[in-house]
Amino acid sequence: MYFFLSNLSFIDICFSSSIVPVILLNTLSQDKSISVGGCVFQMFFSLVLGAAECILLAVMAYDRFVAICRPLHYSSIMNMRFCIILALIPWTVSVIDACIQVPLIWRLPFCKTHHVNHLICEMPPFLRLSCIDPWLNEIAIYVAAGIIVLCSFFLTLVSYIFIISAILKIQSSRGRRAVFSTCTSHLSVVILYYGTIMSIYLQPRSSHSQEVDNVVSVLYTVVTPMLNPIIYSIRNKEVKNCIIKNFKILEKTDKCH
């Protein structure tokens with residue numbers, strides 16, 4: 001679990017580092033322009049990191065499934081070699097996806113305007129700037145979103161169906177609560193992340209609203225990476241104990257000074 005949490009933390013740090021400075025600069029600065037290279041860079045890495053987090057959440061759901069439904073075989077199934085393979089899958093798939101999607105976007109002729117009414121360089125706003133019908137790009141986005149987002153969501157859903165059925169078989173209510181508490185953090189992150197990313201990439205172009213898209217983009221690129229460590233810290237007993245222990249050490253150090 002902590003191996004995959006460290007991977008999730010790394011993705012969130014990279015996500016925030018590549019998105020938040022640009023949003024702050026566009027908010028505070030008079031010059032809101034961005035170079036073509038900078039926009040391509042941001043679009044590529046936001047796609048890679050967004051898709052990687054999406055798949056990683058499904059991998060983490062599988063980890064919880066094995067831990068709860070196959071506890072005696074957990075160490076043999078989730079060995080380090082298999083964990084590394086599972087951690088590499090999100091990065092491999094997301095890089096392949098970005099290498100297909102980004103060149104398809106930038107082959108479009110943008111003759112309407114060079115003003116992008118969006119906080120960051122994402123694909124949907126650029127489709128509206130195209131002089132030609134971007135039907136090929138829309139198909140590519142829906143196929144990629146269907147494969148990555150919906151498949152990840154389906155795998156997560158199936159994992160939790162088995163997890164819930166296993167929890168319901170536990171006789172004591174205390175035991176059920178103890179087991180389910182190990183999944184609540186992940187479940188909270190899954191609902192928040194999949195809900196926002198689906199509303200961006202699985203909507204028809206005609207139903208997109210600029211204001212709503214901007215809010216949703218901030219939610220999954222800024223708010224979710226910020227909330228992830230808070231959610232996992234609050235719900236995780238070991239992390240809470242570690243934080244309390246460090247606070248006590250700090251208090252003792254202050255008193256000594």
Looking at residues at least two apart in the chain, or sitting in another chain, which of them share a ring-ring contact (aromatic ring centres under 6.0 Å, His included) with Phe45?
Phe41
Contact between Leu49 and Ser94 at the side-chain level, heavy atoms closer than 4.5 Å - yes or no?
no
For the residue pair Trp91 and Val48, establish whether any side-chain heavy-atom pair is separated by less than 4.5 Å.
yes
Residue pairs meeting disulfide bond (SG atoms under 2.5 Å apart), one or both in residues 20-95, sequence neighbours left out, come to Cys39-Cys121
Return the set of residues passing side chain to side chain contact (heavy atoms under 4.5 Å, CB included) with Thr156 (not counting sequence neighbours), or none when no residue passes.
Ala58, Ala61, Tyr160, His186, Val190, Tyr194
With sequence neighbours excluded, what pairs up with Ser16 under the side chain to side chain contact (heavy atoms under 4.5 Å, CB included) test?
Val20, Pro225
Could you list the cluster mates of Ile164? Members are the ILVMFWY residues connected by side-chain heavy atoms closer than 4.5 Å, either directly or through other members.
Leu168
Quick one: list whatever passes ring-ring contact (aromatic ring centres under 6.0 Å, His included) with Phe154, sequence neighbours left out.
none
Residues 73-90 vs side chain to side chain donor-acceptor pair (under 3.5 Å), sequence neighbours excluded, gives Asp63-Tyr74
Partners meeting ring-ring contact (aromatic ring centres under 6.0 Å, His included) with Phe162 (sequence neighbours left out):
Phe65
Within-4.5 Å side-chain heavy-atom neighbours: Ile85 and Met80
no
Would you please name every residue forming a side-chain hydrogen bond (donor to acceptor under 3.5 Å, both in side chains) with Gln101, sequence neighbours left out?
Asp97
For Ile161, side chain to side chain contact (heavy atoms under 4.5 Å, CB included) partners two or more places apart
Leu157
For Asp12, what residues pass the side-chain hydrogen bond (donor to acceptor under 3.5 Å, both in side chains) criterion, not counting sequence neighbours?
Asn228
With Tyr62 via side-chain hydrogen bond (donor to acceptor under 3.5 Å, both in side chains) - residues at least two apart
none
